[in-house]
**Student:** 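Here you go, one structure.
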Protein chains: 2
Amino acid sequence: MADYSNKEAQIAVYAKALAHPARVAIIQLLLKKQTCICGAIVEELPLSQSTVSQHLKELKLAGLIKGDIAGVKTCYCIDKVEWNKAKKLLTGLFSMTFKKENCC
Amino acid sequence: MADYSNKEAQIAVYAKALAHPARVAIIQLLLKKQTCICGAIVEELPLSQSTVSQHLKELKLAGLIKGDIAGVKTCYCIDKVEWNKAKKLLTGLFSMTFKKENCC
DNA sequence: TTTATTAATCGTAAAATTACGATTAATAAA
DNA sequence: TTTATTAATCGTAATTTTACGATTAATAAA
(Lines give C-alpha, C1' and ligand atoms only; values in the text may rest on other atoms or scores of the structure.)
Protein backbone atom coordinates (compact mmCIF):
# COMPACT_ATOMS: atom_id res chain seq x y z
CA MET A 1 0.00 0.00 0.00
CA ALA A 2 2.88 2.36 0.79
CA ASP A 3 5.00 3.93 -1.90
CA TYR A 4 8.36 2.66 -3.04
CA SER A 5 11.51 3.59 -1.19
CA ASN A 6 14.22 5.72 -2.79
CA LYS A 7 16.44 2.69 -2.75
CA GLU A 8 13.96 0.54 -4.62
CA ALA A 9 13.36 3.31 -7.14
CA GLN A 10 17.07 3.83 -7.70
CA ILE A 11 17.75 0.13 -8.12
CA ALA A 12 15.02 0.09 -10.75
CA VAL A 13 16.63 3.04 -12.56
CA TYR A 14 20.00 1.31 -12.74
CA ALA A 15 18.46 -2.03 -13.67
CA LYS A 16 16.45 -0.36 -16.40
CA ALA A 17 19.62 1.12 -17.82
CA LEU A 18 21.01 -2.40 -18.12
CA ALA A 19 17.74 -3.88 -19.36
CA HIS A 20 18.76 -3.98 -23.01
CA PRO A 21 21.59 -6.10 -24.44
CA ALA A 22 22.89 -3.16 -26.46
CA ARG A 23 23.35 -1.11 -23.31
CA VAL A 24 24.99 -4.01 -21.50
CA ALA A 25 27.35 -4.33 -24.45
CA ILE A 26 28.13 -0.62 -24.36
CA ILE A 27 28.91 -0.75 -20.65
CA GLN A 28 31.19 -3.74 -21.08
CA LEU A 29 32.91 -2.01 -23.96
CA LEU A 30 33.54 1.08 -21.87
CA LEU A 31 34.86 -1.06 -19.03
CA LYS A 32 37.27 -2.91 -21.29
CA LYS A 33 38.33 -0.76 -24.21
CA GLN A 34 41.10 1.75 -24.41
CA THR A 35 38.96 4.04 -26.49
CA CYS A 36 35.43 5.19 -25.89
CA ILE A 37 34.69 7.18 -29.01
CA CYS A 38 31.06 7.07 -30.03
CA GLY A 39 31.91 5.91 -33.53
CA ALA A 40 33.78 2.91 -32.18
CA ILE A 41 30.78 1.94 -30.10
CA VAL A 42 28.50 2.18 -33.14
CA GLU A 43 30.84 -0.15 -35.06
CA GLU A 44 30.64 -2.77 -32.32
CA LEU A 45 26.87 -2.91 -32.24
CA PRO A 46 24.35 -4.29 -34.74
CA LEU A 47 22.38 -1.06 -34.67
CA SER A 48 22.25 2.20 -36.55
CA GLN A 49 24.11 5.28 -35.39
CA SER A 50 20.95 7.01 -34.28
CA THR A 51 19.77 4.04 -32.27
CA VAL A 52 23.12 3.68 -30.54
CA SER A 53 22.99 7.38 -29.78
CA GLN A 54 19.65 6.84 -28.14
CA HIS A 55 20.98 4.03 -25.97
CA LEU A 56 23.92 6.20 -24.98
CA LYS A 57 21.47 8.90 -24.01
CA GLU A 58 19.59 6.50 -21.77
CA LEU A 59 22.74 5.35 -20.06
CA LYS A 60 23.70 8.97 -19.56
CA LEU A 61 20.24 9.73 -18.19
CA ALA A 62 20.59 6.94 -15.64
CA GLY A 63 23.94 8.48 -14.76
CA LEU A 64 26.06 5.44 -15.52
CA ILE A 65 28.09 7.08 -18.28
CA LYS A 66 29.19 10.52 -19.29
CA GLY A 67 30.20 11.97 -22.63
CA ASP A 68 32.90 14.43 -23.45
CA ILE A 69 32.75 16.26 -26.76
CA ALA A 70 36.23 16.39 -28.27
CA GLY A 71 36.06 18.25 -31.53
CA VAL A 72 33.92 16.37 -33.99
CA LYS A 73 33.95 13.21 -31.92
CA THR A 74 32.47 12.37 -28.55
CA CYS A 75 34.28 10.33 -25.95
CA TYR A 76 32.16 8.26 -23.60
CA CYS A 77 33.16 6.62 -20.38
CA ILE A 78 31.74 5.09 -17.24
CA ASP A 79 30.87 7.56 -14.51
CA LYS A 80 32.81 5.87 -11.75
CA VAL A 81 30.99 7.53 -8.87
CA GLU A 82 27.58 6.60 -10.20
CA TRP A 83 28.76 3.17 -11.29
CA ASN A 84 29.89 2.45 -7.75
CA LYS A 85 26.51 3.55 -6.42
CA ALA A 86 24.85 1.12 -8.80
CA LYS A 87 27.30 -1.58 -7.80
CA LYS A 88 26.56 -1.01 -4.13
CA LEU A 89 22.79 -1.11 -4.57
CA LEU A 90 22.69 -4.09 -6.91
CA THR A 91 25.26 -6.21 -5.12
CA GLY A 92 23.50 -5.24 -1.90
CA LEU A 93 20.28 -6.67 -3.23
CA PHE A 94 21.95 -9.86 -4.36
CA SER A 95 23.82 -10.33 -1.11
CA MET A 96 20.64 -10.36 0.94
CA THR A 97 20.32 -13.61 2.81
CA PHE A 98 17.32 -15.87 2.56
CA LYS A 99 15.38 -15.81 5.80
CA LYS A 100 13.90 -19.25 5.25
CA GLU A 101 13.95 -22.24 3.04
CA ASN A 102 11.87 -22.01 -0.09
CA CYS A 103 8.20 -22.55 0.46
CA CYS A 104 7.58 -23.64 -3.11
CA MET B 1 28.34 -5.16 -35.95
CA ALA B 2 28.21 -8.63 -34.37
CA ASP B 3 25.27 -9.88 -32.37
CA TYR B 4 25.00 -9.85 -28.61
CA SER B 5 26.48 -12.64 -26.53
CA ASN B 6 24.31 -14.97 -24.48
CA LYS B 7 25.80 -13.42 -21.41
CA GLU B 8 24.86 -9.89 -22.42
CA ALA B 9 21.37 -11.01 -23.36
CA GLN B 10 20.88 -12.84 -20.07
CA ILE B 11 22.13 -9.90 -18.04
CA ALA B 12 19.60 -7.75 -19.85
CA VAL B 13 16.81 -10.23 -19.05
CA TYR B 14 17.59 -10.17 -15.35
CA ALA B 15 18.08 -6.41 -15.30
CA LYS B 16 14.78 -5.93 -17.09
CA ALA B 17 13.07 -8.01 -14.43
CA LEU B 18 14.39 -5.57 -11.83
CA ALA B 19 13.69 -2.50 -13.95
CA HIS B 20 10.51 -1.52 -12.11
CA PRO B 21 10.31 -0.47 -8.46
CA ALA B 22 7.32 -2.72 -7.88
CA ARG B 23 9.30 -5.75 -8.96
CA VAL B 24 12.28 -4.72 -6.85
CA ALA B 25 9.89 -4.40 -3.91
CA ILE B 26 8.45 -7.84 -4.60
CA ILE B 27 11.89 -9.41 -4.71
CA GLN B 28 12.92 -7.76 -1.46
CA LEU B 29 9.69 -8.90 0.13
CA LEU B 30 10.30 -12.48 -0.93
CA LEU B 31 13.86 -12.31 0.37
CA LYS B 32 12.75 -10.98 3.76
CA LYS B 33 9.28 -12.16 4.60
CA GLN B 34 8.16 -15.35 6.21
CA THR B 35 5.18 -15.55 3.95
CA CYS B 36 5.02 -15.22 0.22
CA ILE B 37 1.31 -15.45 -0.46
CA CYS B 38 0.25 -13.41 -3.46
CA GLY B 39 -2.40 -11.57 -1.45
CA ALA B 40 0.22 -10.39 1.04
CA ILE B 41 2.33 -9.04 -1.80
CA VAL B 42 -0.65 -7.16 -3.22
CA GLU B 43 -1.24 -5.55 0.17
CA GLU B 44 2.33 -4.29 0.34
CA LEU B 45 2.21 -2.58 -3.04
CA PRO B 46 0.39 0.56 -4.20
CA LEU B 47 -1.03 -1.29 -7.18
CA SER B 48 -4.12 -3.25 -8.05
CA GLN B 49 -4.26 -7.01 -7.79
CA SER B 50 -4.20 -7.48 -11.53
CA THR B 51 -1.17 -5.24 -11.97
CA VAL B 52 0.73 -7.02 -9.23
CA SER B 53 -0.17 -10.31 -10.87
CA GLN B 54 1.33 -8.99 -14.09
CA HIS B 55 4.57 -8.05 -12.36
CA LEU B 56 4.71 -11.46 -10.72
CA LYS B 57 4.28 -13.00 -14.15
CA GLU B 58 7.21 -11.01 -15.49
CA LEU B 59 9.45 -12.03 -12.63
CA LYS B 60 8.42 -15.63 -13.21
CA LEU B 61 9.11 -15.27 -16.92
CA ALA B 62 12.62 -14.04 -16.20
CA GLY B 63 12.97 -17.07 -13.95
CA LEU B 64 13.71 -15.18 -10.76
CA ILE B 65 10.65 -16.40 -8.87
CA LYS B 66 8.34 -19.37 -8.91
CA GLY B 67 4.78 -19.76 -7.78
CA ASP B 68 3.15 -22.69 -6.06
CA ILE B 69 -0.62 -22.93 -6.09
CA ALA B 70 -1.83 -23.98 -2.67
CA GLY B 71 -5.58 -24.28 -2.77
CA VAL B 72 -7.11 -20.91 -3.43
CA LYS B 73 -3.90 -19.07 -2.70
CA THR B 74 -0.58 -18.95 -4.49
CA CYS B 75 2.71 -18.99 -2.70
CA TYR B 76 5.60 -17.20 -4.40
CA CYS B 77 9.27 -17.46 -3.65
CA ILE B 78 12.66 -16.72 -5.10
CA ASP B 79 14.01 -19.37 -7.43
CA LYS B 80 17.34 -19.79 -5.70
CA VAL B 81 19.13 -21.43 -8.62
CA GLU B 82 18.12 -18.71 -11.06
CA TRP B 83 18.67 -15.99 -8.48
CA ASN B 84 22.24 -17.16 -8.03
CA LYS B 85 22.76 -17.10 -11.79
CA ALA B 86 21.56 -13.51 -11.84
CA LYS B 87 23.76 -12.70 -8.88
CA LYS B 88 26.78 -14.18 -10.63
CA LEU B 89 26.18 -12.32 -13.88
CA LEU B 90 25.34 -8.96 -12.33
CA THR B 91 28.02 -8.96 -9.66
CA GLY B 92 30.40 -10.19 -12.35
CA LEU B 93 29.60 -7.14 -14.44
CA PHE B 94 30.05 -4.81 -11.51
CA SER B 95 33.31 -6.40 -10.41
CA MET B 96 34.96 -5.76 -13.76
CA THR B 97 38.03 -3.63 -13.31
CA PHE B 98 38.60 -0.38 -15.12
CA LYS B 99 41.35 -0.77 -17.67
CA LYS B 100 42.27 2.88 -17.63
CA GLU B 101 41.52 6.15 -16.00
CA ASN B 102 38.48 7.98 -17.22
CA CYS B 103 38.96 9.81 -20.47
CA CYS B 104 36.19 12.28 -19.75
C1' DT C 1 35.95 28.83 -48.05
C1' DT C 2 34.27 24.55 -49.34
C1' DT C 3 33.78 19.86 -48.25
C1' DA C 4 33.82 15.90 -45.21
C1' DT C 5 33.11 13.77 -40.82
C1' DT C 6 30.92 12.96 -36.54
C1' DA C 7 27.23 12.55 -33.45
C1' DA C 8 22.92 14.54 -31.72
C1' DT C 9 18.28 15.30 -32.69
C1' DC C 10 13.81 15.07 -35.30
C1' DG C 11 10.04 12.64 -37.12
C1' DT C 12 7.79 8.52 -37.21
C1' DA C 13 6.20 3.73 -36.99
C1' DA C 14 5.91 -0.55 -34.60
C1' DA C 15 6.12 -2.96 -30.50
C1' DA C 16 6.25 -3.41 -25.56
C1' DT C 17 5.07 -1.88 -20.95
C1' DT C 18 2.14 -0.38 -17.42
C1' DA C 19 -2.10 0.12 -15.30
C1' DC C 20 -6.86 -0.80 -14.31
C1' DG C 21 -11.57 -2.91 -13.94
C1' DA C 22 -14.09 -6.90 -15.17
C1' DT C 23 -14.30 -11.61 -15.73
C1' DT C 24 -13.04 -16.31 -15.02
C1' DA C 25 -11.54 -20.65 -12.90
C1' DA C 26 -10.50 -23.01 -8.92
C1' DT C 27 -10.76 -24.10 -4.31
C1' DA C 28 -12.60 -23.42 0.42
C1' DA C 29 -16.21 -22.46 3.56
C1' DA C 30 -20.94 -22.28 4.93
C1' DT D 1 -24.95 -27.19 -3.18
C1' DT D 2 -24.41 -22.45 -2.75
C1' DT D 3 -21.50 -18.73 -1.63
C1' DA D 4 -17.07 -16.58 -0.81
C1' DT D 5 -12.24 -16.01 -1.66
C1' DT D 6 -8.15 -15.92 -4.31
C1' DA D 7 -5.38 -15.07 -8.15
C1' DA D 8 -4.93 -15.47 -13.16
C1' DT D 9 -6.40 -13.72 -17.39
C1' DC D 10 -8.94 -10.67 -20.71
C1' DG D 11 -9.80 -6.37 -22.79
C1' DT D 12 -8.30 -1.93 -23.23
C1' DA D 13 -6.13 2.65 -22.96
C1' DA D 14 -2.15 5.43 -22.21
C1' DT D 15 2.58 5.67 -22.20
C1' DT D 16 7.22 4.24 -23.17
C1' DT D 17 10.65 1.91 -25.77
C1' DT D 18 12.99 0.64 -29.75
C1' DA D 19 14.45 1.28 -34.25
C1' DC D 20 15.39 3.67 -38.47
C1' DG D 21 16.37 7.28 -42.06
C1' DA D 22 16.86 12.08 -42.61
C1' DT D 23 18.40 16.29 -41.00
C1' DT D 24 21.16 19.35 -38.33
C1' DA D 25 25.06 21.50 -35.92
C1' DA D 26 29.73 21.53 -35.07
C1' DT D 27 34.34 20.81 -35.99
C1' DA D 28 38.18 19.25 -39.00
C1' DA D 29 40.38 18.74 -43.35
C1' DA D 30 41.28 20.07 -48.03
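Convention: sequence-line order gives letters A, B, ...; per-chain numbering from 1. Treat the numbers as computed from the prediction; the structure is a model and nothing was measured.
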**Student:** Classify the side chain of B:Gln54 and the base of D:dA8 as holding, or not holding, a donor-acceptor pair under 3.5 Å.
**Tutor:** no
**Student:** Please check the phosphate of D:dC20 (OP1 and OP2 only) for any side-chain N or O of A:Ser50 closer than 4.0 Å.
**Tutor:** no
**Student:** Looking at every strand, decide which applies to A:Lys60 at a 4.0 Å heavy-atom threshold: base, sugar-phosphate, or nothing.
**Tutor:**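 Touches nothing.
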**Student:** More 5' along DNA chain D: A:Ser48 or A:Lys16, using each one's nearest nucleotide?
**Tutor:**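 That would be A:Lys16.
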**Student:** Measure from CD on A:Gln49 to P on D:dA25 and round the result to the nearest Å.
**Tutor:** 16 Å
**Student:** Does B:Glu82 form a salt bridge (charged side-chain N to carboxylate O under 4.0 Å, His left out) with B:Lys66? I'd like the steps, not just the answer.
**Tutor:** CA-CA 10 Å; B:Glu82 202 78 4; B:Lys66 48 186 176 176; over 6 Å; no
**Student:** Could you tell me the separation between the CD1 atom of A:Ile26 and the P atom of D:dT18, rounded to a whole number of Å?
**Tutor:** 11 Å
**Student:** Under a 3.5 Å cutoff on both atom distances, Watson-Crick or G-U, what's the dot-bracket for DNA chain D ([ ] crossing, | other strand)?
**Tutor:** ||||||||||||||||||||||||||||||
**Student:** Considering non-hydrogen atoms only, spot the tightest contact between B:Pro21 and A:Ala9 and give its length.
**Tutor:**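 Scanning both residues, the minimum pair turns out to be CB-CA, 4.3 Å.
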**Student:** Among C:dA19, D:dA22, D:dA7, which nucleotide sits nearest the side chain of B:His55?
**Tutor:**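 Closest nucleotide to the B:His55 side chain: C:dA19.
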**Student:** When you group the ILVMFWY residues by side-chain heavy-atom contacts below 4.5 Å and let the links chain together, are A:Ile27 and A:Val13 in the same group?
**Tutor:** no
**Student:** With side chains defined as the heavy atoms from C-beta onward, is the minimum distance between B:Thr74 and B:Ile37 less than 4.5 Å?
**Tutor:**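 B:Thr74 vs B:Ile37: side chains apart.
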**Student:** Measure from CZ on B:Arg23 to C1' on C:dA16 and round the result to the nearest Å.
**Tutor:**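 Spelled out: CZ on B:Arg23 to C1' on C:dA16 is 12 Å.
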**Student:** From the list D:dT6, C:dT5, D:dA7, which nucleotide is the closest neighbour of the side chain of B:Val72?
**Tutor:**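 So the side chain of B:Val72 is nearest to D:dT6.
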**Student:** Have a look at B:Ile26 and tell me which of B:Leu56, B:Leu64, B:Ile78 forms a side chain to side chain contact (heavy atoms under 4.5 Å, CB included) with it.
**Tutor:**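 Output: one option passes, namely B:Leu56.
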**Student:** Starting at atom CG of B:Leu18, determine the distance to atom C1' of C:dT18, rounded to an integer number of angstrom.
**Tutor:**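 Distance, rounded to whole Å: 17 Å.
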**Student:** Are B:Leu47 and B:Val42 side-chain neighbours, meaning at least one heavy-atom pair lies under 4.5 Å?
**Tutor:**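 The answer is no; the side chains never approach within 4.5 Å.
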**Student:** Side chain to side chain contact (heavy atoms under 4.5 Å, CB included) with A:Lys88: which residues, sequence neighbours excluded?
**Tutor:**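 Partners of A:Lys88 under the side chain to side chain contact (heavy atoms under 4.5 Å, CB included) test: none.
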**Student:** Want to settle it: does B:Thr74 or A:Ala19 sit nearer the 5' end of DNA chain D, counting the closest nucleotide to each?
**Tutor:** B:Thr74
**Student:** Is the distance from OP1 or OP2 of D:dA8 to the nearest side-chain N or O of B:Ser53 less than 4.0 Å?
**Tutor:**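 Indeed, a polar side-chain atom of B:Ser53 lies that close.
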**Student:** Any base atoms under 4.0 Å from A:Glu58, or only sugar-phosphate, or nothing? Heavy atoms, all strands.
**Tutor:**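 Contact class for A:Glu58: sugar-phosphate only.
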**Student:** Grab the CG-C1' distance between B:Leu61 and D:dT9 for me, whole Å please.
**Tutor:**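 So the CG-C1' distance, B:Leu61 to D:dT9, works out to 15 Å.
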**Student:** Taking only side-chain N and O atoms of A:His20, does any of them lie within less than 4.0 angstrom of OP1 or OP2 on D:dA19?
**Tutor:** yes
**Student:** Is the distance from OP1 or OP2 of D:dC20 to the nearest side-chain N or O of A:Thr51 less than 4.0 Å?
**Tutor:** yes
**Student:** Compare the minimum distances between each of D:dA7, C:dA7, D:dA28 and the side chain of B:Lys73, then state the nucleotide with the smallest one.
**Tutor:** D:dA7
**Student:** Closest approach to the side chain of A:Leu47, judged atom by atom: which nucleotide of C:dC20, D:dA7, D:dC20 is it?
**Tutor:** D:dC20
**Student:** Roughly how many Å is it from CD1 in B:Ile41 to C1' in D:dT6, rounded to a whole number?
**Tutor:** 13 Å
**Student:** Using only side-chain N and O atoms of A:Tyr76, determine if any of them is under 4.0 Å from OP1 or OP2 of C:dT6.
**Tutor:** no
**Student:** Looking just at side-chain N and O atoms, do B:Thr51 and B:Ser48 make a donor-acceptor pair shorter than 3.5 Å?
**Tutor:** yes
